[in-house]
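Comments concern the structure below.
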Amino acid sequence: MPQRSIRLRTEEADSEVRAGLGRIREEFAVPGAFPAAVTAEAVRAARHSPEPAPDVSELPFFTLDPPGSMDLDQAMHLERRAEGYRVHYAIADVVSFVRPGGAVDTESHARGVTLYLPDARVPLHPSELSEGAASLLPGQRRPAVVWTIDLGGDGEITAVDVARRLVTSGERLDYAGAQRDAAADPRLALLAEIGTLLLRAEAERGGVSLPLPEQEVVRRDGGWGLAFRGGLPSEAWNAQISLLTGRAAARLMLDGGIGLLRTMPPPPAEAVARLRRSATALGIGWPDGRSYGEVVRGLDPSDSRHAAFLHEAVGLMRGAGYTAFDGTGPKETGPDAAALEHAAVAAPYAHVTAPLRRLADRYATEICLALTAGGEIPGWVRSALPGLPDLMRRSLQRGASVDRACVDLVEALLLRDHVGEVFDAVVVDVSGNGSGGLVQLLSPAVLARCDGDGLPLGDPVRVRLVESDPVRRQVRFVPAA
């Protein structure tokens, strides 16, 4: 059966999508426009000249983000050294623009994170800051927090420094362009070299990155549709620079006895055992003594059986949260040591690289700056620290719910007029009791429930659409006769 290009192109369909997104905003209490006092304070802050700091604009920083991004948190400059590498990672200095206890600060605590809906971005900070004065836009002199991290030839961290600087990013790159130019552009060739080295070091630590593309709603060519995004090596290389910085930050905070870690527990033994059974059912080799991360790294997401295994492996990565501590650092040895780590990173880890889009990063960064300089932790940081884990949990949970609801809405609208039709799909998950599971259509990019006993995990199947309800945002299939 040929793949189908199903899109929502009419004015009526556009109106239905937007109405559905409006319902999602209301259901999940998505913030609206910023209050006037918040915008006014942001406008005033954006007009201020940067605070005096050493200027390192001679370093040719560049940014790497999705195409069209304006809220640019990070810029990098990479060097090869005789004994390894030096990574300069400039992070937007939000504290230079946001007054603790002010209107912008108070509103950012109510939001927690930037939300991305198909028709609009709901930013953590007003656009005057997030897409203007605080963003590391090319050709603009900006205040930044610059991490300088030295790596040995094995990818291990040998030295770390973090300080406020003034920087100028020279160019804004996107992932597809970076992938295309990786061999010809020395900057990107070095990013590939360092990123690959860090991926290898991650594997040796026992960490794992799942190479699954993300399902997303897209609007192009005058219509709405669904697509899978991600999977480019350039994205993985870029992510490794961010993870490297987060690991360096976690080490500073643990040594200093105060901080905010991003943690995730190791998967329970029964979950790993279930995944091993799935590997057997899919014909994927899992030799004794190898971790699930080692198995994952040898898989190709374009292979249907491998994709099914990767979907099953997502179930091992649950329980991520934040851990705040102050005074006496948590124990890093003994039975509780694993509670300090992020299981997928296989090391202590902290969020510090996206302060324009994630509130926690602002606080963790200020702690690292104070610890490096040997100064006092700001009182506004210390007083907020105990409440941040719960605040961030609620904010990220809302973001994940909104993302899923938007995809479910467009899935149901796309397929509403196709009830009764048969589609080609692959079974990517089955329920624990063997009744029903999850199928991925070959086209459009839909992941949906399929009822029925004995679904063949990892196998191609033909499924019949029996329900597509945009109001309930529910799509359901059954095996085709």
Side-chain angles (χ1 to χ4, degrees), residues 6-35 38-39 42 65-73 104 107-132 134-135 174-175 212-230 235 354-361 391-416 444-448 468-475:
I6 301 176
R7 302 187 74 80
L8 300 167
R9 297 182 183 276
T10 66
E11 289 186 12
E12 180 182 1
D14 183 72
S15 177
E16 288 186 293
V17 171
R18 295 186 187 279
L21 294 175
R23 293 192 297 271
I24 290 169
R25 283 180 163 86
E26 182 176 356
E27 179 180 343
F28 295 101
V30 173
F34 285 98
V38 175
T39 301
D65 292 274
S69 296
M70 293 292 288
D71 50 346
L72 308 183
D73 287 288
V104 174
E107 181 68 15
S108 68
H109 278 75
R111 296 181 177 226
V113 296
T114 292
L115 300 177
Y116 294 90
L117 280 80
D119 60 341
R121 188 175 63 92
V122 183
L124 177 62
H125 304 97
S127 59
E128 289 82 2
L129 300 178
S130 61
E131 296 187 346
S135 179
D174 62 58
Y175 295 123
L212 270 177
E214 297 179 9
Q215 192 183 18
E216 66 176 358
V217 177
V218 294
R219 179 165 173 77
R220 66 169 74 102
D221 302 327
W224 297 90
L226 291 164
F228 288 107
R229 182 189 68 81
E235 295 187 60
L356 289 175
R357 294 169 284 164
R358 198 169 48 208
L359 180 66
D361 301 49
L391 186 157
M392 292 305 301
R393 176 190 60 77
R394 289 184 279 107
S395 301
L396 291 169
Q397 187 176 65
R398 175 167 63 178
S401 297
V402 167
D403 288 346
R404 186 65 252 170
C406 291
V407 170
D408 289 345
L409 169 69
V410 175
E411 282 183 342
L413 285 169
L414 279 172
L415 296 175
R416 178 181 54 188
V446 166
L447 285 165
S468 189
D469 186 339
V471 175
R472 295 167 56 224
R473 300 192 297 268
Q474 182 165 309
V475 171

Legend entry - Minimal non-hydrogen separation, Val38 against Val104, with atom names: O-CG2, 3.5 Å
Inset, instruction - Mark yes or no for whether Ser69, through its side chain, and Pro66, through its backbone, hold a donor-acceptor pair below 3.5 Å. - result: yes
Legend entry - Side-chain heavy atoms of Glu27 within contact of Arg473, under 4.5 Å: yes
Legend entry - Pair Glu411, Gln474: side-chain N/O donor-acceptor within cut-off below 3.5 Å: no
Legend entry - Whether Gln215 side chain and Ala445 backbone form a donor-acceptor pair below 3.5 Å: yes
Inset, instruction - State, with a plain yes or no, whether a side-chain heavy atom of Val402 is found less than 4.5 Å away from one of Val30. - result: yes
Legend entry - Beyond-backbone contact of Val410 with Pro118, side-chain heavy atoms, under 4.5 angstrom: no
Legend entry - Intermediate values then yes/no, side-chain contact (heavy atoms from CB on, under 4.5 Å), Trp224 and Val217: CA-CA 7 Å; Trp224 297 90; Val217 177; 3.8 Å; yes
Legend entry - Electrostatic pair Arg404-Asp408, nearest N-O below 4.0 angstrom: yes
Inset, instruction - With Arg23 as the cation and Phe28 as the aromatic partner, state whether NZ or CZ is under 6.0 Å from the six-membered ring centre and within 45° of the axis. - result: no
Legend entry - CD on Glu16 to CG on Leu409, rounded to 0.5 Å: 9.0 Å
Inset, instruction - To the nearest 0.5 angstrom, please state how far the NE2 atom of His125 sits from the CG atom of Asp71. - result: 11.0 Å
Inset, instruction - Could you tell me whether Asp469 and Arg416 make a salt bridge, using a distance below 4.0 angstrom between a side-chain N and a carboxylate O? - result: no
Inset, instruction - Report yes if some heavy atom in the side chain of Arg398 is under 4.5 Å from a heavy atom in the side chain of Pro31; otherwise report no. - result: yes
Inset, instruction - Taking the side chain as every heavy atom from C-beta outward, state whether Glu216 and Leu226 have any atom pair closer than 4.5 Å. - result: no
Legend entry - Taking every non-hydrogen atom, the tightest pair across Pro355 and Leu124: O-CD2, 3.9 Å
Inset, instruction - Give the intermediate values and the outcome of side-chain contact (heavy atoms from CB on, under 4.5 Å) for residues Arg121 and Leu115. - result: CA-CA 6 Å; Arg121 188 175 63 92; Leu115 300 177; over 6 Å; no
Inset, instruction - Can you see which heavy atom on Cys406 is nearest to which on Leu21, and at what distance? - result: SG-CD2, 3.7 Å
Inset, instruction - Heavy atoms only: give me the nearest Ser395-Gly112 pair and the separation to one decimal. - result: OG-CA, 3.3 Å
Legend entry - Minimum side-chain heavy-atom gap Thr114-Val122 below 4.5 Å: no
Inset, instruction - Compare every heavy atom of Asp73 with every heavy atom of Leu356, then report the nearest pair and how far apart it is. - result: N-OD1, 2.6 Å
Inset, instruction - Mind checking the CG-CD spacing from Leu72 to Glu131? Nearest 0.5 Å is all I need. - result: 9.0 Å
Legend entry - Spacing of Leu413 atom CG and Ser468 atom OG [to the nearest 0.5 Å]: 7.5 Å
Inset, instruction - Measure across Ser130 and Pro123 and return the closest heavy-atom pair with its distance rounded to 0.1 Å. - result: OG-CB, 4.1 Å
Legend entry - pair Phe34-Arg111: side-chain heavy atoms closer than 4.5 Å: yes
Legend entry - side-chain contact (heavy atoms from CB on, under 4.5 Å) partners for Arg394, two or more places apart: Asp390, Leu391
Inset, instruction - Any chance you could measure Met70, atom CE, to Asp65, atom CG, to the nearest 0.5 Å? - result: 11.5 Å
Legend entry - Rounded distance [0.5 Å steps], OG1 in Thr39 versus CD in Glu107: 9.0 Å
